Each structure stands twice: as structure tokens, then as C-alpha cells.
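Some notes on the structure that comes next.
Everything numeric here is computed off the predicted structure, so don't read it as measured data. So you know, we letter chains A, B, ... as the sequences are listed, proteins then strands, and number each from 1.
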There are 2 protein chains.
Amino acid sequence: MSVETHPDLTKNQALVFGSLSDAGGPLTAYAILDLLRDSGFRAPLQVYRALDKLVEYGMVHRLESLNAFVACSHKGCSSHGTAAFAICEKCGVVSEFTPDKAMSLLRDWTKSEGFQLSRTTIELRGTCRQCAVPN
Amino acid sequence: MSVETHPDLTKNQALVFGSLSDAGGPLTAYAILDLLRDSGFRAPLQVYRALDKLVEYGMVHRLESLNAFVACSHKGCSSHGTAAFAICEKCGVVSEFTPDKAMSLLRDWTKSEGFQLSRTTIELRGTCRQCAVPN
DNA sequence: GCCCCGGCGTTACGTTATTACGTATGTAGC
DNA sequence: GCTACATACGTAATAACGTAACGCCGGGGC
Ligand SMILES: [Zn+2]
Ligand SMILES: [Zn+2]
Ligand SMILES: [Zn+2]
Ligand SMILES: [Zn+2]
């Protein structure tokens, strides 16, 4: 269980963030709900409301291609640049990194198009080093 | 996909691709289903099966952050590099582009990590030039 | 003929996300 | 004190998105 990280989390927010931190990987909202039934959670909305805030605080990231959520890998949870995720399709492990140079190029494109960027999703699917078959 | 031209589409695939082309923007699978009820479509699976093939052929792209699908903007539908999408949150317009330089940097990261990349999602959310308020 | 396979139609089901309504609590202004 | 407002919460119901499992049919290879 992680403690005392960022803004004052409410009880529900702390429980959800704790579940994600403990899991060490992505969880769906309904998986979180099941984990927290013993703590009194009864409905999906309790999870989604907490997740909305945690994402807003930058403590949790949403993985669009998995419909799942993952705790930010930066322990301090201080905000950081746009995150990208490499998702292994064999073992499910997710690696977070901050592709600043690539983002800079993407922002060049948005500027040239007059597109005001608010949020970026970058997700790589493939096979991690551990799961690559040596044959 | 190799050098061959578009495979012959089945009737259902052609109907689904036609819907997406006519729409000129993203549609959800269920929106396509509703559009095609008069053509005999009755169940989501008919749409999803056609979409799977069209995505495989590179003629349609899936937008993960919208749970929607869009016809490839390259009229010839010949295969191209990894596509990125800028999605206006005000008017819903989607612009497809191929950020080759940014992809090259992302591939540098995957190589350094021994991650075998199979598929990449890049989606930018924000406000398009048309919708930007001058104020 | 016979087998195999890809596409198809249908039913039923599973998963993910939101709407709507009411309650509780804290705080600022009066 | 009391009201007005904002935020969080609890619950039920429903919408939206996606898939499993079954069987049928037609075309190509042998
Ligand atoms: Zn992060
Ligand atoms: Zn792996
Ligand atoms: Zn394309
Ligand atoms: Zn717009």
C-alpha cells in the first residue's frame, strides 16, 4: 500500500490508487471494483469517479488500447511529460517512458496545422525482451 | 500488407467500407450497424467481422480513444507507414498523418529495450484550427 | 463425390462506461 | 445560527462496446 503521495486523496481515491500500485500493472475498472468489494465498493461508478480524479492528478494513466488503468511509474508521482507505453502482448507487462523527442516532432506537426494539443496517447504493442523467443 | 492491390471485398466488407467512406469521419461499430440495417445487417458481429478484415487490409483504422473506426484517408488505400490521428474534441474532425520521424525515434527506443514492435497507436486530442477561438 | 475453409447469420452473453437521483459533509457569506 | 454552494459519495438502472458458440452455405482441391 502506498501512502501519502499527492494531493489529499479521499478514502475511495486512496483505495483505488493503492490497488493499482499494489498490482504493479494495468487493471480494468471492474477488476479494481472486485478487488475493493471487501472495502465496501459496490458499483462501477465508485471506481470510475476515483480514477477520473487520479488521472487528472497525473497519478494514474489510462491505457486506451486496453481499456485499463495503470499507476504512474514515477514513484514521486510528480507530473511529467507525455507518457508512452510499451505493452507486451504475451506477458502483459507495461513499460512507461517519456518520448520527449518524438513528442517534440508531433508538436511541430500540431503547430504547423494550428491544432491545439490537449492530450496525447502513444501506445506500442508487441513483445517484450523477456518474451522474445530465442528459438 | 504486400504490394498487391486491395483484395476483393465481400459484400459485407464493401458495405461497411462504403459507410465509413461516405461518413468522411469516424463511426462506431454500432453506428455502422444502424446505417446498414436497411441493407440487411442485424447483429454487431457482422460489422466487427468486416471491420477486422478492413483493418487487416489497411483500408480502415481503429481509433482506440474513441472506440471508433475511420476509412484510411489515402484514397488509393495503398499501405503506408504508421498512422497518427489528430482528433478535434469540438467538431469531431479527424486528421490522419504519418509521423515517420517520430516513429523512427519510438523505434529507437524499442530497439534499445529489445521490444519487438507489432502495432502503434498515436492519437492526439485537442482543438482543430477551425474550432480554435480567436478571442 | 468428399473434404476443407472462409464468409455468413443468429442467439446469447460478457465487458466497459454513463445517466440519473438522492444523501452527506464542508465552507463562505450573511 | 442559517443558507447557498461545492464536492464527494451510494445505488440502481441502463447504454455502449465487444465476443463466444453454434450451424449453414458455397467454392476449390483432390
Ligand atoms: Zn507517468
Ligand atoms: Zn512480455
Ligand atoms: Zn491510413
Ligand atoms: Zn474542430
Between protein and nucleotides 24-27 of chain D, what N or O pairs are separated by less than 3.5 Å?
none

In the structure I gave you, are the side-chain heavy atoms of A:E89 and B:S118 within less than 4.5 Å of one another anywhere?
yes
B:E96-B:S73 side chain donor-acceptor pair, cut-off 3.5 Å:
yes
Report the distance from atom CG of A:L45 to atom OH of A:Y48, rounding to the nearest 0.5 Å.
9.5 Å
Mind calculating the distance between CG (B:L9) and P (C:dG6) to the nearest angstrom?
17 Å
Residue pairs passing the ring-ring contact (aromatic ring centres under 6.0 Å, His included) test where at least one lies in residues 91-125 of chain A, sequence neighbours excluded:
A:F97-B:W109, A:W109-B:F97
Using the ring centroid of each side chain, check whether B:H61 and B:F69 are separated by less than 6.0 Å.
no
I'd like to check B:R62 versus B:N67 (side-chain heavy atoms, cut-off strictly below 4.5 Å). Are they in contact?
yes
N/O (side chain, B:N67) to phosphate O (OP1/OP2, D:dA16) under 4.0 Å:
no
Tell me the interatomic distance from A:L15, atom CG, to D:dA8, atom P, rounded to whole angstroms.
15 Å
For atom CG of B:L66 and atom C1' of C:dT16, their distance in whole Å:
16 Å
Please report, rounded to the nearest Å, how far the P atom of C:dG6 is from the CG atom of B:D8.
16 Å
Phosphate OP1/OP2 of C:dA17 contacted by A:R62 side-chain N/O (<4.0 Å):
yes
Give each protein N/O atom lying under 3.5 Å from an N/O atom of nucleotides 7-15 of chain C, with the pair distance.
| from | atom 1 | to | atom 2 | distance (Å) |
| --- | --- | --- | --- | --- |
| C:dC8 | OP1 | B:T10 | OG1 | 2.8 |
| C:dG9 | OP2 | B:N12 | ND2 | 2.8 |
| C:dG9 | OP2 | B:Q46 | NE2 | 2.7 |
| C:dG9 | N7 | B:R49 | NH2 | 2.4 |
| C:dG9 | O6 | B:R49 | NH1 | 3.3 |
| C:dG9 | O6 | B:R49 | NH2 | 3.4 |

Is the A:H80 ring parallel, tilted or perpendicular to the A:H74 ring (thresholds 30°, 60°)?
tilted
C:dT18 P sits how many Å from A:L33 CG, rounded?
15 Å
Could you tell me if B:E64 and A:S65 have a donor-acceptor pair between their side chains, going purely by distance under 3.5 Å?
no
Quickly work out the A:D52 CG to C:dT16 P distance and round it to whole Å.
16 Å
Atom-pair distance (CG on A:L36; P on D:dC9), nearest Å:
12 Å
Is there side-chain contact between A:L20 and A:L51, with at least one heavy-atom pair below 4.5 Å?
yes
Please report the distance, rounded to the nearest Å, between OH in A:Y48 and P in D:dC9.
17 Å
